[in-house]
Structure formats: structure tokens, C-alpha cells
Undergrad: 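I have a structure here, written as C-alpha cells, and I will follow up with some questions on it.
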Amino acid sequence: MMCCMAHAGRSSGPANQARSAEIIRRVQAIPEGFVRTYGDIDPHAPRHVGQVLSASSEDMPWHRVVRSDGSLAKGRRQRSLLRKEGVPMRGDRVDLRLARMSAKS
DNA sequence: GCGTTGACTGGAA
DNA sequence: TTTCCAGCCAACG
């Protein structure tokens, strides 16, 4: 089944926007009190996730996105928000054992 | 079309 | 346990 995006092209295409849109959609889908790693949101391009979040509006729970080891990308600023939402944490790191959600909804 | 940058990840020391 | 290195993908100039 390669019909869908057979010749979609990799520049200025709808599929291109879909990639970023999908990342934003997943981040907004994170319920309060839980977190997800960049790799869970986009295992193919975890780096792009952060880049999209930085370029996106602050109307999304970007603070619920943490690294695979539970460490925070934005440090103290992010930690305060997570702890305020009731996210289980261990020092300056999130306890992924309890806060990490499934790979997908 | 090419090279650089980035809110990353996993494995090795 | 922490720190360092190399790999990957997408966006930008």
C-alpha cells in the first residue's frame, strides 16, 4: 500500500504539515497529571518534537513532554508546572514509572 | 541541493 | 549512578 503518498513529495506538501500537526495533536492529548516522552510522540524524529513545540503557541501542555529518562528539557520552569498538576516526580526528574502514558491513545 | 542546528535517544565508558 | 559519543530526522538559510 504505497498509493497514499506515493508521489506526495517531501517539500511544501500536505503530508509535511501533517507531521507537525500530529505532534501537536498528541501533545494536547496528554491528560493532566501524566507525561510522555519525545520518543513516544514521534519515535522517528524526537528532535523535531521539541522544535515544533518551541515554534508553537503556549496554549498546549508542552511541559508534559519530557525526555526518555524522565529529565526535563526546560528544567526548573517545567518542573514547577508538572509538580503543580500532580505529576509524580523524583527530585528534578519525572517518575515515568507512574506518569508515563501508553505509546498511543 | 547542501550544510548547520535542535526542548532527542540509546549504548558505552 | 553519571557523563560522553555517534546516529537520526526534519526544518531553516
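Letters go in sequence order (proteins before strands), and every chain restarts at 1. All values derive from a computational prediction rather than experimental measurement. When reading the values below, keep in mind they use all heavy atoms of this one structure, side chains included, and skip hydrogens, waters and symmetry mates.
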Undergrad: Please tell me if A:S68 has a side-chain N or O lying less than 4.0 Å from either OP1 or OP2 of B:dG10.
TA: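 A:S68 to B:dG10 OP1/OP2: side-chain N or O found under 4.0 Å.
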Undergrad: Could you grab the distance from atom NE2 of A:H63 to atom CD1 of A:I30, nearest 0.5 Å is fine?
TA: 9.0 Å
Undergrad: Which listed nucleotide (B:dA7, C:dT2, B:dT9) is nearest to the side chain of A:K74?
TA: B:dA7
Undergrad: With a cut-off of less than 4.0 Å, is there a side-chain N or O of A:R67 near OP1 or OP2 of B:dA7?
TA: no
Undergrad: Over how many whole Å does the gap from A:D40 atom CG to B:dA7 atom P extend?
TA: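 Atom CG in A:D40 sits about 20 Å away from atom P in B:dA7.
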Undergrad: Given C:dT2, B:dA7, C:dA11, which nucleotide is nearest the side-chain atoms of A:L53?
TA: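 Ranking C:dT2, B:dA7, C:dA11 by closest atom to the A:L53 side chain puts B:dA7 first.
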Undergrad: What's the CG-P distance between A:L72 and B:dT9, to the nearest Å?
TA: 12 Å
Undergrad: Whole angstroms only, please: what is the CD-P distance between A:Q51 and C:dC8?
TA: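 It is 19 Å, rounded to the nearest whole Å.
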Undergrad: Among C:dA10, B:dA7, C:dT2, which is the nearest nucleotide to the side chain of A:R19?
TA: C:dA10
Undergrad: Expressed in angstrom and rounded to an integer, what is the separation of A:D69 atom CG from B:dG10 atom C1'?
TA: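 Roughly 11 Å, once rounded to whole Å.
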Undergrad: Separation of A:D42 atom CG from B:dA7 atom P, in whole Å?
TA: 16 Å
Undergrad: If you only use heavy atoms from C-beta on, which nucleotide in B:dT9, C:dA11, B:dA7 is closest to the side chain of A:H48?
TA: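 Of the candidates, C:dA11 comes closest.
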Undergrad: Can you measure from CE (A:M89) to CG (A:L98) and round to the nearest 0.5 angstrom?
TA: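 The CG atom of A:L98 is 12.5 Å from CE of A:M89, to the nearest 0.5 Å.
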Undergrad: Measure NE2/A:H44 against P/C:dA10 and give the value in whole Å, please.
TA: 9 Å
Undergrad: Are any side-chain N or O atoms of A:S80 and backbone N or O atoms of A:R77, one a donor and one an acceptor, separated by less than 3.5 Å?
TA: no
Undergrad: Does the side chain of A:V52 come within less than 4.5 Å of A:V27's, by heavy atoms?
TA: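 Of all side-chain heavy-atom pairs linking A:V52 with A:V27, none is under 4.5 Å.
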Undergrad: With distance as the sole test, does A:Q78 use its side chain to make a donor-acceptor pair with the main-chain N or O of A:V65 at under 3.5 Å?
TA: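 Yes.
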Undergrad: Grab the CD1-C1' distance between A:I24 and B:dA7 for me, whole Å please.
TA: 14 Å
Undergrad: Whole angstroms only, please: what is the OH-P distance between A:Y38 and C:dG7?
TA: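 Whole-Å distance recorded here is 24 Å.
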Undergrad: From the options B:dT9, B:dA7, B:dG6, select the nucleotide whose nearest atom is closest to the side chain of A:W62.
TA: B:dA7
